[in-house]
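One-based numbering, in listed order, for ligands and for the atoms of each. Everything quoted here is computed from the prediction, not taken from an experiment.
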Amino acid sequence: MGMGKYVYMDQAATTKISERALGAMMPCFTEAFGNPSSLHEAGRDAEAVVEQARARIAACFHAEPSEIYFTSGGSEADNWAIRQGAALGAKKGKKHLISSAFEHHAVLHTLEALKKEGFEVTLLPVHENGLVRPEELKAAIREDTALVTVMYVNNEVGTIQPVEELGRICRESGVLFHTDAVQAAGHLLIDVKEQNIDMLSISAHKFHGPKGVGALYVRKGVALGNLIFGGGQERGKRAGTENVPAIAGMATALEESLENREEKNARTRAMQRKLLEAVRKIPCTRLNGDEERRVAGNLNFCFEGIEGESLLLYLDLDGICASSGSACTSGSLEPSHVLLALGLPAEIAHGSLRLSFDETNSEADADLVLEKLPEVVARLRSMSPVWKEKEDREEREREKPF
Ligand SMILES: *Cc1c(COP(=O)(O)O)cnc(C)c1O
């Protein structure tokens, strides 16, 4: 059962730090504890850790070390990239931004703020399969488009966008292209050059690194403006003493997650297939997002007639940690904006469940989910007025004389 206490099927919300990443962090507290800006040996030791980490992370994306900026996580990287992309456009009188309807709130809320500052925003539809259509991006780009930001992998439904094609369209139109790759990094092979990516956000805690650290890749030549004023850290663009342990942990976690990637991916795929085939047998259940073009570790279902929140509660009582969508919206009774963007009616979107898993999950984890989930769904349906109404209606339909 993985961690013993419970089955953890919420890897898209956050992950447990790996032994190796933790091991890489420890000496940064005890030995290389200096301030990287200091002009003595202790400082140089810490600076070496930071610069090595920068080079190691850059290598994972086929970028240059000077193109990597450390941040406090994915949200900060998204905010920085979008605000700066918008500002660069505004200097040339371009105040139109393009994104997709089901981005993470770190992107959508930044765009909302920019709207209040006079930018115009077009959100591309993601259709029932959870995918942006390149031809629709092409048609949306205008003379005054400053920036396109489309996420690489959606955090709720796991669909993988045609990033390379989207990047090519932007490059050909002379428009900056940013992608929130928080759910892709460590899982998929990313090559910022080949994929025409100008800016890319990552977050360590989504690939078994520590929380509170991430990075923004910015292609050489894109004149990134300052995020935090102060000292000269991050080439003067984001001041503040570096989080050396976290940066070291992130580099190690990223490298580790890409080692034997295909083998780990194949295992996760097999678990995905097994879970999908079994969960599908529960009546009135649908898989959300394209079945093929999704990451190996994501499944997102809707069960008619029940509420996602109650489903999570009951699964939790059975020792299963899952999610109804994003961790940010749970706790609120609003249906997920992602599922609404897929065109699901609100009452169906309410009954959603996201299972997110990876190679650290065992067969026993999947078995427990498959033992408990159908029971819980049946129990909730037996208490649901909505489900009862649906059954009665179907009963009446059957009894109707021809
Ligand atoms: C988790 C997540 C973020 C936010 O990252 P933090 O490091 O938690 O700020 C942004 N985008 C996506 C797609 C995510 O899954």
Exactly one candidate in H208, H187, K264 meets side-chain hydrogen bond (donor to acceptor under 3.5 Å, both in side chains) with D358; the answer is H208
Ignoring hydrogens and angles, state whether a donor on the side chain of N298 or Q183 is under 3.5 Å from an acceptor on the partner side chain.
no
Tell me: protein heavy atom nearest atom 3 (C) of ligand 1, and distance?
H104 NE2, 3.5 Å
Do me a favour and list the nearest non-hydrogen protein atom to atom 11 (N) of ligand 1 with residue, atom name and distance?
D180 OD2, 2.6 Å
Note: ligand 1 atoms sitting under 4.0 Å from heavy atoms of M151 are 13 (C)
Candidates S72, A184, S203, A13; heavy atom nearest atom 7 (O) of ligand 1 found on S203
Tell me whether K193 at atom NZ has more than 12 heavy atoms from other residues, nucleotides or ligands lying less than 6.0 Å away.
yes
Per-atom filter on ligand 1: closer than 4.0 angstrom to a heavy atom of G73 are 7 (O)
From R396, R398, K390, residue fulfilling side-chain hydrogen bond (donor to acceptor under 3.5 Å, both in side chains) relative to E394
K390
Sub-3.5 Å N/O-N/O distance, G74 and ligand 1
yes
Around atom CD of E259, are there more than 12 heavy atoms from other residues, nucleotides or ligands closer than 6.0 Å?
yes
I need the atoms of ligand 1 closer than 4.0 Å to a non-hydrogen atom of S75, numbered in the order shown.
4 (C), 5 (O), 6 (P), 9 (O)
Residue E277 excluded, over 12 heavy atoms near CD under 6.0 Å
yes
Which heavy atom of the protein is the closest neighbour of atom 8 (O) of ligand 1, given with residue, atom name and distance?
H205 NE2, 2.9 Å
Looking only at protein heavy atoms, what sits closest to atom 1 (C) of ligand 1 is K206 NZ, 1.4 Å
Are more than 12 heavy atoms, taken from residues, nucleotides or ligands other than E135, located less than 6.0 Å from that residue's CD atom?
yes
